[in-house]
Amino acid sequence: MPATRQLPALKVGLTGGIASGKTTVANLFAQLGVPLIDTDVIARQVVLPGEPGLARIIETFGSDVLNADGTLNRSALRTRVFNDQKQREKLEAILHPLIRQNTLQASETVIEPYCLIVVPLMFESGFNERVDRVLAVVTPPDEQLRRLMLRDKSDEAEAVRIINSQLNHDARMSAADDLIHNSGEPDELVQQVEVLHENYLKLSMQREPSQP
Ligand code: ATP
């Protein structure tokens, strides 16, 4: 991808329900040379030993959410916030601003015309306000359920519970700027990605430099 502009990279946020095909789609963009920023990766980085995120978690939840080696014990933390909205909100109040800040910082170092920021809970977390466009991968709910159960070997009740805890399919479809339909074969994604890629390159060139 040419790297000739002076403007900050256009930020395209990629979202979709669990097992809708975000990773599959992101990999196709990466094959075209588009830089990917994955908020799941950043979410793990902000709680590494020595990071302020981990220090704040210890302050809030105590050191029994740590492993013996000082790393975060994710399952202990998950147990603490599971089914407890207040505790979950406390955790999100620590993590979300750090993830947002680190993600935006990473996007500022991009020299290509645009980057793809993968944010599974885009609308739920309000991250849609921080990107220039939102691209949603959409899969019909019955097919999403089938793929999720197949991939995670989860039972139907558990898979349905996770899907229902996220924004519903229709709301995500109407809130996104662009859609990729992932109801058929993976090959059918390639052309959709190519069309969007051309469009994002054009959009990135059409922007005006921001006023000082
Ligand atoms: P998560 O939300 O868990 O991060 P995701 O949205 O990134 O998932 P993928 O991992 O890309 O989704 O896809 C979920 C599963 O569905 C994977 O096993 C993947 O191989 C499969 N899959 C994706 N697209 C298709 C398709 N078009 N046909 C069949 N299987 C698919």
Side-chain angles (χ1 to χ4, degrees), residues 11-48 72 74-75 77-78 81-82 88 91-92 95-96 98-100 102-103 106-107 114-128 130-131 133-197 200:
K11 296 189 279 293
V12 178
L14 177 70
T15 192
I18 186 164
S20 58
K22 295 178 293 297
T23 308
T24 310
V25 166
N27 289 338
L28 292 172
F29 277 97
Q31 283 169 23
L32 298 173
V34 179
L36 301 183
I37 300 171
D38 187 337
T39 54
D40 280 344
V41 173
I42 292 178
R44 286 194 288 274
Q45 289 167 348
V46 300
V47 294
L48 288 174
L72 181 63
R74 291 174 179 281
S75 81
L77 184 59
R78 218 176 297 124
V81 302
F82 189 69
R88 196 168 54 248
L91 180 61
E92 286 171 355
L95 294 180
H96 285 180
L98 290 170
I99 296 169
R100 199 173 297 138
N102 290 15
T103 302
S107 75
Y114 78 95
C115 62
L116 207 63
I117 306 179
V118 186
V119 191
L121 300 178
M122 175 79 67
F123 299 107
E124 295 90 330
S125 67
F127 205 92
N128 52 307
R130 306 302 183 104
V131 293
R133 278 189 97 74
V134 174
L135 167 60
V137 184
V138 291
T139 303
D142 54 344
E143 179 61 12
Q144 181 190 16
L145 179 64
R146 194 190 67 77
R147 289 182 196 160
L148 177 58
M149 289 168 60
L150 186 70
R151 187 194 61 184
D152 293 357
K153 300 179 180 46
S154 48
D155 66 42
E156 185 167 346
E158 173 62 4
V160 167
R161 189 191 66 72
I162 298 172
I163 290 173
N164 288 346
S165 73
Q166 300 185 336
L167 188 67
N168 81 56
H169 175 261
D170 292 347
R172 191 181 294 104
M173 263 181 93
S174 53
D177 300 299
D178 305 306
L179 299 175
I180 287 199
H181 294 276
N182 187 20
S183 47
E185 292 301 313
D187 285 358
E188 295 169 33
L189 296 169
V190 175
Q191 204 207 348
Q192 297 182 69
V193 167
E194 284 171 356
V195 170
L196 285 163
H197 178 62
Y200 294 145

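Counting convention: from 1, in listed order, for ligands and their atoms alike. This structure is a prediction, so every number in the text was calculated from the model and none was measured.
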* More than 12 heavy atoms from other groups under 6.0 Å of CZ on R133 -> yes

* Considering only heavy atoms, which protein residues lie less than 4.0 Å from any atom of ligand 1? -> G17, I18, A19, S20, G21, K22, T23, T24, R147, R151, N182, G184, E185, P186

* Asked: For E156, does the CD atom sit with more than 12 other heavy atoms under 6.0 Å from it, leaving out its own atoms?
  -> no

* Over all atoms of both residues, closest heavy-atom pair of C115 and I37 -> SG-CD1, 4.1 Å

* Please work out which of the three classes, parallel, tilted or perpendicular, describes the rings of H197 and F29, given edges at 30° and 60°. => perpendicular

* **Approximate separation, where rounding is to 0.5 Å, of N128 CG and T15 OG1** => 9.0 Å

* L14 versus L36: any side-chain heavy-atom pair under 4.5 Å? -> no

